[in-house]
2 protein chains.
Amino acid sequence: MRSKTFENLAPEKQERVLDTAVEEFAQHGFHQASVNRMVKQLGIAKGSLFKYFGSKEGLFQHVFEHAVDLFKGPLKAARNAEGDTFDRLRLSLMAGLEFVQQHPRLYRIYLKVLFQENVPFREPFLQQVRGYSAKFLRPLLEDGMRRGELRADLDLDMAVFLIDGLFDRLLQSLTVPEVHPALHGLSQGDARQRIDQLMDFIRRALAANNGEQHA
Amino acid sequence: MRSKTFENLAPEKQERVLDTAVEEFAQHGFHQASVNRMVKQLGIAKGSLFKYFGSKEGLFQHVFEHAVDLFKGPLKAARNAEGDTFDRLRLSLMAGLEFVQQHPRLYRIYLKVLFQENVPFREPFLQQVRGYSAKFLRPLLEDGMRRGELRADLDLDMAVFLIDGLFDRLLQSLTVPEVHPALHGLSQGDARQRIDQLMDFIRRALAANNGEQHA
DNA sequence: TTCTATGGTGACCAGGTGGTCACTCTAGAA
DNA sequence: TTCTAGAGTGACCACCTGGTCACCATAGAA
């Protein structure tokens, strides 16, 4: 529980606390993160942090709510975009790219939570983040089928799996060097080129007319 | 360092120790795994375990070497397979599926290591496992291009990324419920159907003739 | 019957953990 | 000039961690 005390703090102090917590959780995950280390880094007493958030879990929850808030923004912009299905898919991937580039630490926290059991708030946290494919990707693809831009025999579950998986994997590769070393640390321009190549794959796999309308 | 003492033990005891360690590391990852818990589960004294492996790291290394050994087997079988490029890709995915179904805990350890920094032996461990795409996938695709089964304008890096990513993601979905809930806990038959659908996607995206030779 | 080599033991250690709480300090109200 | 509300403090707590080591048990050699 975030107490009133924390909200009364000067905004810049709130930010400093949040920033330090994000850094610590991104580096070490929930269990290995150390409250002592954070407090030392911040130069405040341990008691203060516990007055603010009640517990380590409370602090983590605050970080998590902050992350979900930041994540909602780019998503809305992509949802209302114009263009055909593939243009809109591309835009949503670009939105993901931008989020990961601006908040790499939050994305790293997400990945750690995903593959680590016993993390508090894991289920609700993942459910909210994954609302992405449920509330956004799927309707977009359904719409694409209605418009005849996608193959009529497409299995929707698998199409969602394909796109969601490839998008996530691309962002992972850009964030975690070991996932796919060749794709790590690309420049802005190179990253865009990779996105174009990826969209070309997806078009060939899903489009109604073998994806050759762009020749 | 695994000491001579451990190798002198009765094989069934060695197996029991290994099995317990695999379970603990799969559930909790390296840092959260507890030597005390393992020792309690095994019903032996803590000192014994340290006589065998010297340290928690030593025990982890033993588990890791065991995992790499098991992983090498199915890979060799897939490498020498007959058929066209897509048949061989399919076989290698089937090999991966079989490995994950027989050793889900080892795959969970791999995923935890991949997304957790500060784990001992992380780099050499991942390097060995990822030799998969370097030494197997890439030559297979190069061969496919020489044979003219793949589009001539294909970017090899991206093709490797695509296949590696989709294969890994499918196995992840089958292992970790939260990755893609719709694909978790499938029966043997359903899993094969998903593999066929996935291969269809890949064929459409990569094949020289728009992947329609199977009509 | 000694001696020795080897597996097995668990109380003990230093150090880190999340969490507590009686206390101080200070700005502003009365 | 008092009084008070609330931010800030850090020594302290119980607990858990990986790791140690003096000691014990026993099988087989001498």
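Numbers restart at 1 for each chain; the letters A, B, ... are given by sequence-line order, proteins then strands.
Following rounding to the nearest Å, B:Gln32 (CD) and D:dG18 (P) show an atom-to-atom distance of 9 Å. Computed from coordinates, the B:His31 NE2 to D:dG18 C1' distance equals 13 Å when rounded to whole Å. For the pair A:Phe50 CZ and C:dG19 C1', the computed distance is 5 Å after rounding to whole Å. With rounding to whole Å, A:Asn36 atom CG is found 15 Å from D:dT9 atom P. Between A:Phe60 atom CZ and C:dT17 atom P the separation is 18 Å, expressed in whole Å. Between the NZ atom of B:Lys40 and the P atom of C:dA11 there is a distance of 14 Å, given to the nearest Å. Atom C1' of nucleotide D:dT9 and atom CG of A:Leu49 are separated by 13 Å, given to the nearest angstrom. What separates CZ of A:Arg37 from C1' of C:dT17 is a distance of 11 Å, to the nearest Å.
Side-chain N/O atoms of A:Asn8 include one lying less than 4.0 angstrom from OP1 or OP2 on D:dA7. A close approach under 4.0 Å does occur between a side-chain nitrogen or oxygen of A:Ser34 and OP1 or OP2 of C:dT17. Regarding contacts with the backbone of C:dG8, a side-chain N or O of B:Tyr52 is found under 4.0 angstrom from either OP1 or OP2.
Without hydrogens or angle criteria, A:Glu178 side chain to B:Leu114 main chain gives no donor-acceptor distance under 3.5 Å.
With A:Glu117 as the partner, the side chain to side chain donor-acceptor pair (under 3.5 Å) test is satisfied by one option alone out of B:Gln32, B:His28, B:Lys112: B:Lys112.
Of the candidates D:dG10, D:dG8, C:dT9, C:dT9 carries the atom nearest the B:Ile44 side chain, counting heavy atoms from C-beta on. For A:Lys51, taking side-chain heavy atoms from C-beta onward, the closest of the listed nucleotides C:dT17, D:dG8, C:dT9 is D:dG8. Counting only heavy atoms from C-beta on, B:Lys13 has its side chain closest to C:dG8 among D:dG8, C:dG8, C:dG10.
On a pure distance criterion of 3.5 Å, a polar donor-acceptor pair joins the side chain of B:Lys46 and the base of D:dG18.
A distance below 6.0 Å separates the ring centres of B:Phe6 and B:His62. You'll find the ring centres of A:Phe99 and A:Tyr107 outside the 6.0 Å limit.
Under the 30°/60° scheme for interplanar angles, the aromatic rings of B:Phe64 and B:Phe125 are found to stand perpendicular.
Residue B:Ala10 is classed as having no contact, given no heavy-atom separation below 4.0 Å to the nucleic acid. Counting any heavy atom pair closer than 4.0 Å across all strands shown, B:Ser48 reaches a base atom.
Each of A:Lys56 and B:Gly47 lies near DNA chain C, and the nucleotide nearest B:Gly47 is the one positioned closer to the 5' end.
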